[in-house]
Protein chains: 2
Amino acid sequence: MDTTDLPANILDPNCPSRVVFQRIGDKWASLVIQVLGDGPVRFSELRKMVNVVTPKVLTQTLRALERDGLITRTVYAQVPPRVEYELTSLGESLLQPLTVLRHWAESHVPTILEARDAYDEAQDEALLGSPN
Amino acid sequence: MDTTDLPANILDPNCPSRVVFQRIGDKWASLVIQVLGDGPVRFSELRKMVNVVTPKVLTQTLRALERDGLITRTVYAQVPPRVEYELTSLGESLLQPLTVLRHWAESHVPTILEARDAYDEAQDEALLGSPN
DNA sequence: GGTGTCAATATCCTTTTGGTAACTAGGTAC
DNA sequence: GTACCTAGTTACCAAAAGGATATTGACACC
């Protein structure tokens with residue numbers, strides 16, 4: 001059975017649209033995509049921009065994104081080697097939804113952090129109130 | 001140092017806006033939020049709608065969302081117990097960014113799956129070409 | 001007093017994720 | 001020939017996430 005003409009539904013556990021949410025949730029993938037939004041970046045630069053990610057994990061992330069057709073990997077025949085990663089048009093099309101989410105995140109984070117503090121305090125008090 | 005007036009930046013590893021991406025990436029959290037978009041739902045209903053999630057994991061997810069102020073938990077003094085989960089206004093405000101992402105996901109998944117197949121095949125051939 | 005309902009918890013176990021540290025390849029510079 | 005460059009790979013390890021299964025509490029029904 002092929003999925004191309006199904007009304008994709010995220011709530012259906014068999015629907016592969018869930019993979020997208022997994023990509024976004026990946027610790028580094030969405031960050032990489034956003035960094036690549038300004039144009040091609042090479043491996044070592046990416047490492048610096050995304051900040052202290054180990055080469056192994058960055059490679060894993062990049063391979064996964066490449067596999068999904070979101071980025072391309074270009075090797076230049078130079079010494080020392082130079083490899084550049086760039087968004088595909090598919091990758092670029094993800095940029096906007098990601099930006100929407102990012103803006104939401106950046107503007108609501110204070111509220112979320114306050115909610116956490118309040119919640120944690122309430123929990124503490126509940127524990128003090130009934131220690132057994 | 002307080003974060004409320006900082007220009008939140010997802011690329012800064014110290015910026016808490018990253019927590020949002022982690023929430024979204026959570027295997028069940030974003031699904032729960034989207035299910036709750038239609039109004040309050042009780043625990044057992046949620047379990048069915050999100051499909052085969054174990055109670056432990058659903059509880060974990062719900063507690064995390066509650067802690068972040070995205071949903072509320074209401075216990076009705078009944079027997080058997082009835083507990084309803086509902087989006088807060090903060091949770092509702094996340095609905096739209098999530099929908100944007102969801103539409104992207106549902107419409108581009110076929111392309112992604114094709115890219116994967118192509119990538120995997122290319123890998124296989126590369127292995128066959130140079131088996132050592 | 002046994003059974004059922006709902007919303008969990010508790011215990012245990014497996015899988016996945018992320019990370020450290022060391023090493024490789026191919027060449028250039030000294 | 002030793003050191004250094006980039007872009008990785010390899011082996012190993014710890015923590016976290018996710019899940020299976022059994023049990024609990026409060027009551028209602030029979």
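In the text below, chain A, chain B and the rest are named by the order of the sequence lines, each starting its count at 1.
Listed pair Arg82(A) / dG8(D) fails the phosphate criterion, with no side-chain N or O lying under 4.0 Å from OP1 or OP2. Between Ser44(B) and the phosphate of dA7(C), there is a side-chain N or O to OP1/OP2 separation shorter than 4.0 Å. Between Arg63(B) and the phosphate of dA8(C), there is a side-chain N or O to OP1/OP2 separation shorter than 4.0 Å.
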Problem set entry | Protein-to-nucleotide contact annotation, 5' to 3' order, nucleotides 19-30 of chain C [B base; S sugar-phosphate only; - none; under 4.0 Å, heavy atom] | BB------S---

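Atom CG of Asp26(B) and atom P of dA17(D) are 9 Å apart (whole Å). A straight line from CD of Gln78(B) to C1' of dA8(C) spans 16 Å, rounded to a whole angstrom. At whole-Å resolution of the value, CG in Leu62(B) and P in dG18(D) are 13 Å apart. The distance between atom NZ of Lys48(B) and atom C1' of dC6(C), rounded to the nearest whole Å, is 10 Å. Atoms CG (Leu46(A)) and P (dT6(D)) sit 15 Å apart, rounded to a whole Å. If you take CZ of Phe43(B) and P of dT24(D), they are 18 Å apart, rounded to a whole angstrom. One interatomic measurement links the two molecules: CZ of Arg42(B) to C1' of dA8(C), which rounds to 13 Å at whole-angstrom precision. Regarding Arg47(A), its CZ atom lies at a distance of 13 Å from the P atom of dT9(D), rounded to whole Å.
Here the closest non-hydrogen pair linking Tyr85(B) and Leu46(B) is CD1-CD2, 4.3 Å. In plain terms, the two heavy atoms of Pro55(A) and Phe43(A) that are nearest each other are O-CZ, 3.9 Å.
Under the 4.0 Å criterion applied to side-chain N and carboxylate O atoms, Arg82(B) and Glu84(B) are assigned as salt-bridge partners.
The side-chain heavy atoms of Val83(B) and Arg73(B), taken from C-beta on, include a pair separated by under 4.5 Å.
The side-chain contact (heavy atoms from CB on, under 4.5 Å) test applied to Ser44(B) returns Arg42(B), not counting sequence neighbours. Considering only residues two or more places apart in sequence or on other chains, Trp28(B) meets the ring pair (Phe, Tyr, Trp, His ring centres under 6.0 Å) condition with none of them.
A distance of 5.5 Å separates CG of Leu70(B) from CD1 of Ile112(A), quoted to the nearest 0.5 Å.
Across all strands shown, Tyr85(B) has heavy atoms under 4.0 Å from sugar-phosphate atoms exclusively, and none from any base.
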